[in-house]
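First the structure, in the form of structure tokens, and then the observations on it.
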Amino acid sequence: METTSSTTASSSDFIREIVSDDLKAGRVQEVVTRFPPEPNGYLHIGHAKSIFINFEIAREYGGKTNLRFDDTNPLKEDSEYVNAIQEDVAWLGFKWDGLYFASDYFEEMYQRAIRLIKKGKAYVDDLSADQLRETRGTLTESGQNSPYRDRSVEENLALFERMRKGEFRDGERVLRAKIDMASPNLNMRDPVLYRISHAVHHNTGDKWCIYPMYAFAHPLEDAIEGVTHSLCTLEFKDQRPLYDWVIQECEMENVPHQYEFGRLNLSNTVMSKRYLKRLVDEKLVDGWDDPRMPTISGLRRRGFTPEAIRSFVSELGITIAGGEVDYKLLEHHVRLDLNVRAPRAMAVIKPIKVVITNYPEDLTEMMEMEINPEQPELGTKKVQFSREIYIDRDDFMEVPPPKYHRLYPGNEVRLKNAYFVTCTDFVKDDEGNVVEVHCTYDPETRSGSGFTARKVKGTIHWVDAKSAIQAEFRLYEPLLAGDFDEELPLEQTINPDSIKIEHGYIGADLKDAKPQEKYQFVRHGYFNVDPKDSTPEKKVFNLIVSLKSSFKIDNPAGK
RNA sequence: UGCCGAAUGGUGUAAUGGUAGCACGACUGACUCUGACUCAGUUAGUCUAGGUUCGAGUCCUAGUUCGGCAGCCA
């Protein structure tokens, strides 16, 4: 959305200032950014912020953005994820200039590593992973040099080549940078550059058995692609000196610079890929795109729009201070978008039958309903009305609380787009549940007739019983049960009420509703036709977000 | 407690030495054939202590609190 973007562009932040200065000073001719996901899981709402920042900033300054898969760890990666990630980025509305894989640069990276060895800046280490950890030192003590640190260049070269040829088992040797074991920055204590892993890579197959580590690979990837501003999240801050070291010592032609911003934390939401993957693997959710998941695919299936997600992350701004954004802000942006776009419809989620006793038994009428009051030019549609209808259980009470404007014995309400009805009676079953409500209607009050002699406090929605279509409604609450505790057994971390399924009715006007179509069910909320489970015969609607309500039934006027 | 970083209403974010503003939330009220939307209003903030300055959220010093870093993960 152009308007959204240009509005946001006016507000500056430290990254836009840097980019703008670099351009002005001629340090870069064209800004090039990248979004570098590892294909080891699905993208989530947190990634949306990163995607937005990288693509949007480049766009604002007339630059380019690459989508690059940071696939340097074959053990965790899979082409299922590379496909899903592309779909999600595209769905969010971003077009990448280049589509790259870190694995395409393996040979170049290998050559750069050799250059490092020849300069005496890297060495092959025989220490085991445990020994390496033990000699790294701690936060307060410096580490010790490896006994293999001073091998000759020739020996290192030979050993590194043998690593590549597969002469060693996993973990037997690593290539390390020779920097400073006493550095207060742990990342500079001779970090591992290459490890041995006899694993099949989704892209390179079994061509390689040594794989570069992130700290070595990432700066090289950026430099190779001509990235100018490498924007990442704060947890990489401590890697920056190493990033610059790699660029310099590998003598890269292009010199990219890394800048870090605070990642998105959403209240009541866990975004760790590890946790999300466990939920998927242990089948506690219906896949990565379960509508309760904070994944892009989950949000899509739930019914969120890319526009809403973009305007949400855009409003967040780019800062270094980290905080936690209220989920309500995301909901606000969804409502804002859907209010304008979603056609209105009437649906009854928890039905109770209403008989209009003085309405002719053989009569049906077609009532007019506005498609969307925010877009009057869309006009109206016809909805059927007759003697028996369904209304929602919440709209009738035998004993109304204060300020209750809906149906109760003796009260008159408006049936939206139809008539005024007055409750005359109701029927209970053996257990005391109200199963049927009786009303009378006033023919003079027909919607659109201009009747003004009487006013009524409440308007309720309904669905004609004769023509109603059964439908399933999936009502969602936060996935997480209370405060997240990683120690807890997985099942206990999720809210048992995170999904509630209700069987109710939609009107015949929705009989052709298609997957991913979004509707506002009047007085309920916004719903999406589920793309997986909805069928032409049995429609399934996902609650995207409910409408706001200033009526609190639990907290009546007295306070 | 070694290094790095951050602290502005309940939440997010602006103010680049000169009137602390915006958005969300919450609460009032108006409007309403959606208790929605919209509109009007209320609420509430510069972590602490010193210092520099005519003037400090902003600069300096010290402290406090919070976050990140000890994968052959990214």
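Convention: sequence-line order gives letters A, B, ...; per-chain numbering from 1.
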[N] OP1/OP2 closer than 4.0 Å to side-chain N/O of [X]:
X	N	answer
A:R263	B:A6	no
A:R240	B:G5	no
A:R523	B:G35	yes
A:T72	B:A74	yes
A:R176	B:G71	no
A:T140	B:U1	no
A:K548	B:C37	yes

From A:Q239, A:Q258, A:R34, residue fulfilling side chain to side chain donor-acceptor pair (under 3.5 Å) relative to A:H218: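 The single option meeting the side chain to side chain donor-acceptor pair (under 3.5 Å) with A:H218 is A:R34.
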
Contact class for [X] (heavy atom, under 4.0 Å): base, sugar-phosphate, or nothing?
X	value
A:N417	base
A:G448	base
A:S128	base
A:I320	sugar-phosphate
A:G323	sugar-phosphate
A:L175	nothing
A:P373	base

B:G35 base stacked by A:H405 (centroids within less than 5.5 Å, tilt under 30°):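 The ring of A:H405 is stacked on B:G35.
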
Nucleotide nearest [X] when distance is taken to its side chain, options [options]:
X	options	value
A:P184	B:G25, B:A70, B:C3	B:C3
A:D70	B:A74, B:A6, B:C73	B:A74
A:R136	B:C3, B:C24, B:C72	B:C72
A:T459	B:C72, B:G35, B:C4	B:G35
A:M213	B:C72, B:U34, B:G5	B:C72
A:A321	B:G25, B:C73, B:A7	B:A7
A:L547	B:A74, B:A36, B:A6	B:A36
A:K416	B:U34, B:A74, B:A7	B:U34
A:N73	B:A74, B:G5, B:G35	B:A74
A:L186	B:G25, B:G35, B:A70	B:A70

Please give the distance between the [atom1] atoms of [N] and [M] as a whole number of Å.
N	M	atom1	value
B:A36	B:A70	P	50 Å
B:A7	B:A14	P	10 Å
B:C66	B:C72	C1'	32 Å
B:C3	B:C22	P	42 Å

Separation of [N] [atom2] from [X] [atom1] (nearest whole Å):
X	N	atom1	atom2	answer
A:N185	B:G2	CG	P	16 Å
A:Q239	B:A74	CD	C1'	9 Å
A:Y211	B:A74	OH	C1'	16 Å
A:Y327	B:G25	OH	P	14 Å
A:Q520	B:U38	CD	P	12 Å
A:L329	B:C22	CG	P	17 Å
A:E331	B:G25	CD	P	9 Å
A:D13	B:A6	CG	P	15 Å

Look through every strand shown and name the nucleotide pairing with [N] as Watson-Crick or G-U wobble, where both distances are under 3.5 Å.
N	answer
B:C22	B:G12
B:G67	B:C4
B:C39	B:G29
B:G50	B:C60

Does the pair [X]/[Y] count as a salt bridge with the N-to-O cut at 4.0 Å?
X	Y	value
A:R263	A:E235	yes
A:E370	A:R344	no
A:R341	A:E307	yes
A:K350	A:D392	no

hbond_proxy A:R406 side chain to B:G35 base (donor-acceptor, 3.5 Å cutoff): yes

A:D238 (side chain) and B:G68 (base): donor-acceptor pair under 3.5 Å: yes

Expected output: side-chain A:D180 to main-chain A:A182 donor-acceptor under 3.5 Å: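 Yes, the answer is positive, given that a donor and an acceptor are paired below the 3.5 Å cut-off.
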
A:S550 or A:R173, whichever maps to the more 5' nucleotide of RNA chain B: A:S550

5' precedence on RNA chain B between A:R344 and A:V192 (nearest-nucleotide basis): A:R344

Distance-only side-chain donor-acceptor flag, A:E365 / A:Y359, under 3.5 Å: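 The answer is yes; a qualifying pair exists.
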
Geometric cation-pi criterion A:R164 and A:Y110, 6.0 Å radius, 45° cone: yes

Qualifying residue, where the test is ring pair (Phe, Tyr, Trp, His ring centres under 6.0 Å) with A:Y194 and the options are A:F168, A:W208, A:F160, A:Y214: A:F160

